[in-house]
S.K.: 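Below is one structure. I have some questions about it.
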Amino acid sequence: MEREHQNIILKDRKKLLITGVHNVESFNEESIVVDTQLGLVIIRGLDMHINKLDVESATLDVEGEIGLIEYLDGTVPQRKGGFLSGLFK
């Protein structure tokens, strides 16, 4: 089985480009939840905004102060109540 491809490119912790994006589940200035080919990705930071979401090329372009990029793909034990309960505490 061939694994899907995905790239995450972070420049100076200010510009983020993610490929292999299916959908943006939720976003605000401090948190963006993205459904990708390799699982959910959570981006946390400050003053973040989405410059572009291109569904044809499956890319997401984000700017802001990026502090954390985290995969939730089933290999990490889930928190009680699911990931959304922990995300919106």
Side-chain angles (χ1 to χ4, degrees):
M1 181 165 108
E2 186 175 321
R3 193 162 167 102
E4 308 260 359
H5 292 285
Q6 180 182 40
N7 290 309
I8 295 179
I9 302 167
L10 180 62
K11 296 180 183 179
D12 302 323
R13 292 182 62 182
K14 301 277 184 206
K15 292 182 69 68
L16 178 67
L17 181 69
I18 302 177
T19 64
V21 172
H22 291 301
N23 190 31
V24 173
E25 299 290 327
S26 68
F27 66 94
N28 60 42
E29 290 184 342
E30 297 177 348
S31 178
I32 302 173
V33 179
V34 184
D35 183 16
T36 73
Q37 293 175 347
L38 299 181
L40 286 177
V41 175
I42 298 174
I43 305 137
R44 294 186 197 255
L46 298 171
D47 301 320
M48 294 189 303
H49 61 273
I50 295 174
N51 284 335
K52 185 177 183 182
L53 172 61
D54 187 338
V55 275
E56 283 190 26
S57 65
T59 59
L60 175 67
D61 180 357
V62 175
E63 277 191 47
E65 294 182 38
I66 312 295
L68 173 77
I69 302 170
E70 177 182 18
Y71 271 102
L72 292 179
D73 62 0
T75 61
V76 177
Q78 295 295 313
R79 288 169 246 192
K80 189 173 185 178
F83 85 94
L84 284 177
S85 67
L87 185 63
F88 295 110
K89 280 187 178 176

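Along the sequence shown, residues carry numbers from 1.
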S.K.: Would you say Thr59 and Ile18 make side-chain contact, with heavy atoms under 4.5 Å?
M.R.: no

S.K.: Where is the tightest heavy-atom contact between Leu40 and Asp35, given as atom of each residue plus distance?
M.R.: CD2-CA, 3.7 Å

S.K.: Can you pull the side-chain hydrogen bond (donor to acceptor under 3.5 Å, both in side chains) pairs that have at least one residue in residues 11-21, sequence neighbours excluded?
M.R.: Lys15-Glu63

S.K.: What do the steps show when you test Gln37 against His22 for side-chain contact (heavy atoms from CB on, under 4.5 Å), and what is the final call?
M.R.: CA-CA 7 Å; Gln37 293 175 347; His22 291 301; 3.6 Å; yes

S.K.: Indicate, with yes or no, if Val33 and Leu17 share a hydrophobic cluster defined by side-chain heavy-atom contacts under 4.5 Å among Ile, Leu, Val, Met, Phe, Trp and Tyr.
M.R.: no

S.K.: Is any side-chain heavy atom of Ile66 less than 4.5 Å from a side-chain heavy atom of Leu10?
M.R.: yes

S.K.: Specify the closest pair of heavy atoms between Tyr71 and Ile8, including all atoms of both residues, with the distance to one decimal.
M.R.: OH-CD1, 3.6 Å

S.K.: At what distance, to the nearest 0.5 angstrom, does CD of Glu25 lie from OG of Ser31?
M.R.: 12.0 Å

S.K.: With a 4.5 Å cut-off on side-chain heavy atoms, are Leu72 and Ile42 touching?
M.R.: yes

S.K.: Set out, in order, the CA-CA distance, both residues' side-chain angles and the distance that settles side-chain contact (heavy atoms from CB on, under 4.5 Å) for Ile32 and Ile50, then state yes or no.
M.R.: CA-CA 9 Å; Ile32 302 173; Ile50 295 174; 4.2 Å; yes

S.K.: Hey, what do you get for NZ (Lys52) to CG (Asp61), rounding to the nearest 0.5 Å?
M.R.: 8.0 Å

S.K.: Quick one: pull up OG1 in Thr36 and NE2 in His5 and give me the separation to the nearest 0.5 Å.
M.R.: 13.5 Å

S.K.: Out of Val21, Val41, Val55, Asp54, which residue meets the side chain to side chain contact (heavy atoms under 4.5 Å, CB included) rule with Leu60?
M.R.: Val21

S.K.: After noting the C-alpha distance and the side-chain angles of Asn51 and His49, does the key distance pass the side chain to side chain donor-acceptor pair (under 3.5 Å) rule?
M.R.: CA-CA 6 Å; Asn51 284 335; His49 61 273; 3.2 Å; yes

S.K.: Go through the steps to decide whether Leu16 and Ile9 satisfy the test side-chain contact (heavy atoms from CB on, under 4.5 Å), and finish with yes or no.
M.R.: CA-CA 6 Å; Leu16 178 67; Ile9 302 167; over 6 Å; no

S.K.: Whether the side chain of Asn28 engages the backbone of Glu30 through a donor-acceptor N/O pair (distance < 3.5 Å, no angle test) should be reported.
M.R.: yes

